[in-house]
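When a ligand or atom number is given, it counts from 1 through the structure's own listing order.
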Amino acid sequence: DDKIMEKSIDPAVHQMLDRAEQLGLETVWDRYEKMLPECGFGELGVCCRNCNMGPCRISPFEDDGPQRGICGATADIIVARNLIRMIAGGAAAHSDHGRDLAHTLLLTAEGKSGGYEIKDEAKLAALAAEYGIATDQRSKEAIAEDLAKAVYAEFGKQEGPLQFTRRAPQKRVAQWQKMGIDPRGIDREIVEIMHRTHIGVDNDPVNLILQGLKASIADGWGGSMVATEISDVLFGTPMPVKSEANLGVLKEDHVNIIAHGHEPVLSEMILAAAGDPSLVANAKAAGAKGINVVGMCCTGNEIVMRHGIPLAGNFMQQELAIITGAVDAMIVDVQCIMPALGDLCECFHTRFISTSPKAKFPGAVHMQFSEESALAIAKEIVGSAVENYAHRVPEKVFIPADKTACMVGFSTEAILKALGGSLDPLLDAIKSGAVRGIAGVVGCNNPKIKHDEGHVGLVRHLIENNVLVVTTGCNAIACAKVGLMLPEAADDAGDGLKGVCKALGIPPVLHMGSCVDISRILSVCAAVANALGVDICDLPVAGAAPEWMSEKAVSIGAYVVSSGIFTVLGTVPPVLGSPVVTEVLTQAANDVVGAAFAVETDPVKAAGLMIDNIDKKRQALGI
Ligand code: NFS
Ligand code: SF4
């Protein structure tokens, strides 16, 4: 019906929402509607619970209601504090993910991990060189041990700099230093946000925001970059690979396992375990044709990039996957996993399995994962899924047919390879105008926006206007589902971009990975800027998060802008209650970091803002 059609552009979602309605099941869209109208104070960012004299909230009407919190905090102070606490949450999530990878690398180097190996020695050597670690005549384990310890130390450092920040052009680093936002230790910057936002500490909105930017840089050029680079060392650097995306990748006649969450440390082992001959034999003995592992959200991005494992869907589809009745196990680790899954799994045979000591869920069976005995535990988990296949209720199974082919795996290294080994062909295409510029389009889904419409509408408009799109996260999954990640999609692009894509055999929308892999986008931008002898803020590039919702996305937005890249947000951040914070983010940031935010909920208009910015940069470069 019409109401369902309004919720998403995805036909698989329409069918599943229809199915949910028939079965009387509630989803994120229903809960969103029940929540309306959402709290106006919260929307403006003017409520504070940072101490127990409150909670306080500032009235948006100057002549009616309190204009200060009980401690005297103004709307500007409260909004700034709340915003940077969001950055702290996001930076902590990404960075703790990075820390887990460093830990796994260390265990692997010491021979203590239960099944991991060092898969990319070239990357190991390159990173070792970056850290000044000797590689001559040394075993990969010895090099990896030094690298893991050096990377581990980045988190607890008291004084900077963070090594990977030095990939940024010198001008950028100098600007960060001038503004006092060149991060020291990753953890230190996050802790300092929590300190400064405690009652009675930092009460200057601009000073607060600067600390937010500093912590966000420690995320993008620190924790996230660590997560990406060490994942590549352990699991291999992604190279182009074909796969499929959408709920149709579930198979009626297979044991279906969804790996959902974020850290490849778990999903890589689940994949390894699913290939175990005795488990496959068990699946067959139970009447299944085999074991079908598929991915969801960023874990999905990690394993599709490295192994071509299909993507079941993005954030808003996690409940719908359960409603297919065909999922034998939903295996999760951390981040973006809805606590609603527990109740929903109880309506089906699906086993909801949590694995991280950091993330337990109502209704989940907890099978704690540990790196030391990774493969053994992964086999137990997969075994539990296989055993559960027998409990599947055939009448409850409904899998939409929709799935779309995609080509993914465009790491920085893969892009260089596609270009023939150097950035020159890309730079030439940008100079000639065939490629007008590059846009990073990333981020979540959010029921405030018609599912995937923000993503796809924006990306289509960009490529039609010859802007090459690089993407990660749930945007990448949205693009994969509509076929934008096929070389043939070049036909949907403007003539210039189309020609370049056809010549190189690449799609106009390049899948660069999970959200921590936005660090890959930063590395590419840094390399391009360094090749041209300019700063990142001089490049014809722009960023967007059309349907963002998470604190991680706030940190991402902050570090992308801090890196000098103009960024458009498609959902309104909770800052409009503060004129000062709004002005700083949308205007003054230009003077501080050479870029700023814009908010535009209309995807075509948002693309227009990005294109205008790209054109301005081209003009300034004289191209
Ligand atoms: Ni990113 Fe990935 Fe998706 Fe948003 Fe969540 S899965 S880390 S936060 S919802 S893009
Ligand atoms: Fe209210 Fe100030 Fe306490 Fe916040 S810190 S709850 S504004 S008194």
Any N, O or S atom of C444 closer than 2.8 Å to atom 4 (Fe) of ligand 1: yes
Quick one: nearest non-hydrogen protein atom to atom 5 (S) of ligand 2, plus distance? R81 NH2, 3.6 Å
Between R520 and D232 (salt bridge meaning N to carboxylate O under 4.0 Å), is one present in this structure? yes
Could you walk me through whether T471 and M485 pass the side-chain contact (heavy atoms from CB on, under 4.5 Å) check? CA-CA 10 Å; T471 163; M485 283 178 178; 3.4 Å; yes
Taking 2.8 Å as the cut-off, does C56 contribute an N, O or S atom near atom 2 (Fe) of ligand 2, distance below it? no
Output the list of atoms in ligand 2 that are nearer than 4.0 Å to some heavy atom of G54, sorted by atom number. 6 (S)
Answer with yes or no whether R68 contacts ligand 2, where contact means a heavy atom under 4.0 Å from a ligand atom. no
Has R57 got more than 12 heavy atoms of other residues, nucleotides or ligands less than 6.0 Å from its CZ? no
Students should be able to answer this: which protein heavy-atom is nearest to atom 8 (S) of ligand 2, and at what distance? C71 N, 3.3 Å
Backbone, side chain, both or neither: what part of S550 comes under 4.0 angstrom of ligand 1, heavy atoms only? side chain
Part of M549 with heavy atoms under 4.0 Å of ligand 1, whether side chain, backbone, both or neither: side chain
What is the closest protein heavy atom to atom 4 (Fe) of ligand 2, and at what distance does it sit? C48 SG, 2.3 Å
Answer yes or no for R306 and F235: cation-pi contact, defined as NZ/CZ to six-membered ring centre under 6.0 Å and angle to ring axis within 45°. no
List the steps and the verdict of side-chain contact (heavy atoms from CB on, under 4.5 Å) for L522 and M225. CA-CA 9 Å; L522 296 180; M225 213 168 265; 4.1 Å; yes
Out of all atoms in ligand 1, which are within 4.0 Å of some heavy atom of F315? Include the element for each. 9 (S)
CD (E62) with more than 12 external heavy atoms under 6.0 Å: no
May I ask you to list the atoms of ligand 1 that are less than 4.0 angstrom from any heavy atom of C297? 6 (S)
For residues Y32 and D30, determine if any side-chain heavy atom of one lies less than 4.5 Å from a side-chain heavy atom of the other. no
Which residue in the set N314, N445, T571 passes side chain to side chain donor-acceptor pair (under 3.5 Å) when paired with E547? N445
Just to be sure I read this right, does ligand 1 sit under 4.0 Å from the backbone of C336, its side chain, both, or neither, counting only heavy atoms? side chain
Ligand 1 contact by G443, heavy-atom criterion under 4.0 angstrom: yes
Between the candidates M296, H260, H262, which shows the shortest non-hydrogen contact distance to atom 7 (S) of ligand 1? H262
Test item: H97 and P264 side chains (from C-beta on) under 4.5 Å apart, heavy atoms: yes
Output, in order, the C-alpha distance, side-chain angles, deciding distance and verdict of side-chain contact (heavy atoms from CB on, under 4.5 Å) for F566 and L609. CA-CA 9 Å; F566 169 70; L609 292 177; 4.1 Å; yes
Heavy atoms from other residues, nucleotides or ligands near NE2 of H198 exceed 12 (cutoff 6.0 Å): no
Got the closest protein heavy atom to atom 1 (Ni) of ligand 1, with its distance? C515 SG, 2.2 Å
Note the single closest protein heavy atom to atom 3 (Fe) of ligand 1, along with its residue, its atom name and the distance in Å. C474 SG, 2.3 Å
Would you mind checking which non-hydrogen protein atom is closest to atom 3 (Fe) of ligand 2, with the distance to 0.1 Å? C51 SG, 2.4 Å
